[in-house]
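For reference, the structure discussed in these notes is given below.
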Amino acid sequence: METKTLMVLIQLAGLAQLVMVGIGACAPKLLDWDKHFAGLPVIIRQMYWTYGGYILATNLFYGILCLGFPEILIAQNGGAIALCVYLLLFWLGRIIIQFTYFDRKALGTSRRMQWCEVGMVAVLLFLNATYGAALWFNLEGLT
């Protein structure tokens with residue numbers, strides 16, 4: 001794949017991650033966490049908010065990195081390979097969780113929710129393909 005094309009794909013992946021940060025920041029309100037978490041022990045609520053914050057921060061950091069500095073991910077060195085492996089495994093894990101762990105029936109069967117899931121899966125596939133292509137590019141450059 002051409003370097004310039006790959007850099008644009010990485011920037012689009014970064015933008016997608018920033019959009020996911022925005023959506024994730026709205027999730028507590030949209031999903032009425034206050035109501036659903038009310039009966040849980042404080043420590044469980046605190047842990048959930050902490051884990052959510054770490055995931056948002058991770059997506060924010062990698063979104064900014066990919067959008068602003070895509071060349072870092074295709075530098076054809078050990079650091080670029082490590083970043084690409086991490087991002088590929090991170091998003092591969094997320095798509096596996098989407099289909100094997102999440103109770104998708106809980107979201108209902110409305111057309112809107114079905115389209116939301118289709119959009120989410122499309123973004124996850126795009127992220128996996130982009131970081132996979134970047135990893136491949138880096139590995140080819142080492143030989």
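Distance CG/L6 to OG1/T130: 8.0 Å, rounded to 0.5 Å. Of the inter-residue distances, the one linking I74 atom CD1 with L83 atom CG reads 12.5 Å to the nearest 0.5 angstrom. To the nearest 0.5 angstrom, L127 atom CG is 6.5 Å from M20 atom CE. Atom CG of residue L15 and atom CD1 of residue I10 lie 14.0 Å apart, to the nearest 0.5 angstrom. Rounding to the nearest 0.5 angstrom, the gap separating the CG atom in L87 from the CG atom in N128 is 10.0 Å. In this structure, the separation between CD on Q98 and CD1 on I96 is 12.0 Å, given to the nearest 0.5 Å.
Linking ILVMFWY residues whenever their side-chain heavy atoms come closer than 4.5 Å, directly or via other members, leaves M47 and Y54 in distinct clusters. L125 and M120 fall within a single hydrophobic cluster, where Ile, Leu, Val, Met, Phe, Trp and Tyr side chains are chained together by heavy-atom contacts under 4.5 Å. The hydrophobic clustering, which links ILVMFWY residues whose side-chain heavy atoms are closer than 4.5 Å, places W91 and F99 together. In the hydrophobic cluster analysis, where Ile, Leu, Val, Met, Phe, Trp and Tyr join through side-chain heavy atoms closer than 4.5 angstrom, L73 is grouped together with L92. Criterion: ILVMFWY side-chain heavy atoms under 4.5 Å apart, direct or through other members. Under it, L67 and L65 are not part of a common hydrophobic cluster.
Shortest non-hydrogen contact noted between A134 and C84 is CB-SG, 3.6 Å. A pairwise comparison of heavy atoms in A75 and A80 identifies N-CB, 3.7 Å as the closest pair. Scanning both residues, I44 and L40, for their nearest heavy atoms gives CG2-CD1, 4.1 Å. L56 approaches V21 most closely through the heavy-atom pair CD2-O, 3.6 Å. Between Q11 and P70, the closest heavy-atom pair is CG-CG, 3.7 Å.
Taking 4.5 Å as the limit, some side-chain heavy atom of F126 sits within range of a side-chain heavy atom of L12. Side-chain contact check for I23 versus L30: every heavy-atom pair is 4.5 Å or farther apart.
Counting heavy atoms of neighbouring residues, nucleotides and ligands inside a 6.0 Å radius, atom OH of Y51 does not exceed 12 of them. Within 6.0 Å of OH on Y86 lie more than 12 heavy atoms contributed by other residues, nucleotides or ligands.
No donor-acceptor distance shorter than 3.5 angstrom exists from the side chain of R94 to the backbone of L124, with no hydrogens or angles considered. For the pair N59 (side chain) and Q17 (backbone), a donor-acceptor distance under 3.5 Å is absent.
Not counting sequence neighbours, the partners of E117 by the salt bridge (charged side-chain N to carboxylate O under 4.0 Å, His left out) test are R104.
Aromatic ring orientation, W49 versus W33: perpendicular (interplanar angle above 60°, classes split at 30° and 60°).
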With ring pair (Phe, Tyr, Trp, His ring centres under 6.0 Å) as the test, would you mind laying out the steps for Y131 and F90 before giving the verdict? CA-CA 10 Å; Y131 297 128; F90 184 88; 9.5 Å; no
